[in-house]
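Working notes for the structure below.
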Amino acid sequence: MGCFFSKKNKRKGKEPTAGEQPPQQQQQQQQQQQDVEGSKQYSWDKREKVDPKDYMFNGLKDQTVGRLPDKVAGQQFVIQECENCNIYILDHSATITIDDCTNCRIFLGPVKGSVFFRDCKDCKCIVACQQFRTRDCRKMDVFLCCATQPIIESSTGIKFGCFQYYYPELASQFKDAGLSIFNNTWSNIHDFTPVSGETNWSLLPSDCAVQNFVPLPDVEELKAVRISTDASRSIIPVTWGQRPKKSDESCLVVFFAGDYTIANARKMIDEMLGKGFSLIQTKEVAMKPEDAKRVFQDKASEFIPSLEKGSVVALEFNGDGAVENCQSVISNTFSGTKVFASENKSSSSHDVDNFYNFADMQMGI
């Protein structure tokens with residue numbers, strides 16, 4: 001008996017079942033789906049592509065270069081193998097590393113994280129950052145604003161002064177970098193590798209002129225930024241730091257959070273410096289009621305309600321008659337403002353120690 005083959009069985013492929021689309025139509029729909037997927041924009045696609053070369057100065061010699069405000073905008077930056085250059089980063093950044101640079105003048109605007117100098121020599125710098133470190137460096141002059149304790153390692157001939165610089169965009173750059181203009185431990189250096197009988201670091205004289213170390217930029221593009229190195233205009237209050245004090249009398253002044261805290265602190269500094277007193281140190285820190293009781297003692301209850309509004313700003317002034325003059329300025333200028341000030345010379349040193357011991361513990365310094 002012969003075999004019987006139907007026409008259906010002879011056809012190549014398979015007939016679509018009910019509800020199923022022919023293969024050609026399936027391919028068209030798949031292609032359309034791929035086109036749709038390819039045209040979708042995700043959030044990460046919308047970000048500007050970052051070219052590392054735009055955030056690097058490498059192998060330059062005898063040049064003046066820089067980045068204008070808003071041109072770094074919080075990115076990381078690298079400076080390496082530069083010789084006899086003037087370098088200005090006039091913007092805030094995430095971190096900056098400086099490697100193998102010789103005889104350079106460098107300005108670094110506010111850095112949210114760390115600034116790390118490695119294998120550099122004969123450089124003069126102005127730096128604002130959260131963390132500062134050198135390793136295998138020699139003969140450097142650094143005008144510094146640093147929120148934490150600066151660290152040097154295997155480095156010699158490092159000299160420090162207080163950051164002093166101004167241009168109109170600098171205050172907002174400090175905010176963008178998350179740095180307080182009042183938290184500056186520039187002179188509290190930790191040497192990881194001390195050598196017995198030798199001093200690897202020292203403090204620059206208080207009367208040093210910053211522009212004699214890092215000159216103002218002389219190229220047209222950078223000259224457009226209105227820079228001043230006048231100490232009285234500096235965004236960072238210029239402090240005496242850990243240099244020997246001129247007097248055994250200091251006075252603690254604390255401003256509490258409000259609409260004009262920063263302006264009031266600056267006004268107080270201007271008034272006291274104008275009278276010939278030294279600003280030793282400043283600090284901005286949050287306080288709890290128990291902290292206030294420890295620092296302000298029997299006066300604490302007066303100030304505790306103000307602590308909920310935000311951080312306090314503390315100033316230490318030094319000089320014979322500091323307490324009396326602070327009290328006079330406060331009564332004449334800040335009569336309607338909540339301010340703590342040492343009441344007499346005998347208690348003022350305890351006020352200063354109590355506050356700054358608390359603040360350093362609070363900030364892990």
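Just so it is clear, the structure is predicted and the values come from calculations on it, not from any experiment. In what follows, residues are counted from 1 in the order of the sequence shown.
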Find the distance between [atom1] ([X]) and [atom2] ([Y]) and round it off to the nearest 0.5 Å.
X    : Y    : atom1 : atom2 : answer
F160 : S202 : CZ    : OG    : 9.0 Å
I235 : S228 : CD1   : OG    : 10.0 Å
I106 : C120 : CD1   : SG    : 6.5 Å

State, to 0.1 Å, how close [X] and [Y] come at their nearest heavy-atom pair, and which atoms those are.
X    : Y    : result
Q80  : N58  : CG-OD1, 3.2 Å
I79  : I96  : CD1-CG2, 4.5 Å
D91  : V72  : OD2-N, 2.9 Å
F213 : P215 : O-CD, 3.7 Å
K283 : T185 : NZ-CG2, 4.0 Å
C251 : S348 : CA-CB, 4.4 Å

Pairing of E221 and K71 as salt bridge, 4.0 angstrom limit: no
Side-chain ion pair, K159 and D141, N-O less than 4.0 Å: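 No salt bridge links K159 with D141.
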For the pair F132 and F117, name the ring-plane relationship: parallel under 30°, tilted 30 to 60°, perpendicular over 60°. tilted
Apply ring pair (Phe, Tyr, Trp, His ring centres under 6.0 Å) to residues F255 and Y260 and explain how you reach the verdict. CA-CA 10 Å; F255 287 91; Y260 306 104; over 10 Å; no
Ignoring hydrogens and angles, state whether a donor on the side chain of D62 or N84 is under 3.5 Å from an acceptor on the partner side chain.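 Yes.
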Among side-chain atoms of N318 and S250, is any donor-acceptor pair under 3.5 angstrom? yes
With sequence neighbours excluded, give me every side-chain hydrogen bond (donor to acceptor under 3.5 Å, both in side chains) pair touching residues 297-307. K299-E343
Partners of Q75 by side-chain hydrogen bond (donor to acceptor under 3.5 Å, both in side chains), sequence neighbours excluded? none
Partners of R67 by side-chain hydrogen bond (donor to acceptor under 3.5 Å, both in side chains), sequence neighbours excluded? none
Quick check: F340 with F355 (ring centres under 6.0 Å apart)? no
F317 and F277: aromatic ring centres closer than 6.0 Å?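 So the answer is no for these two rings.
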Please test D291 against R294 for salt bridge (Lys or Arg N to Asp or Glu O under 4.0 Å), starting from the C-alpha separation and ending with a verdict. CA-CA 5 Å; D291 303 322; R294 190 164 58 250; 3.1 Å; yes
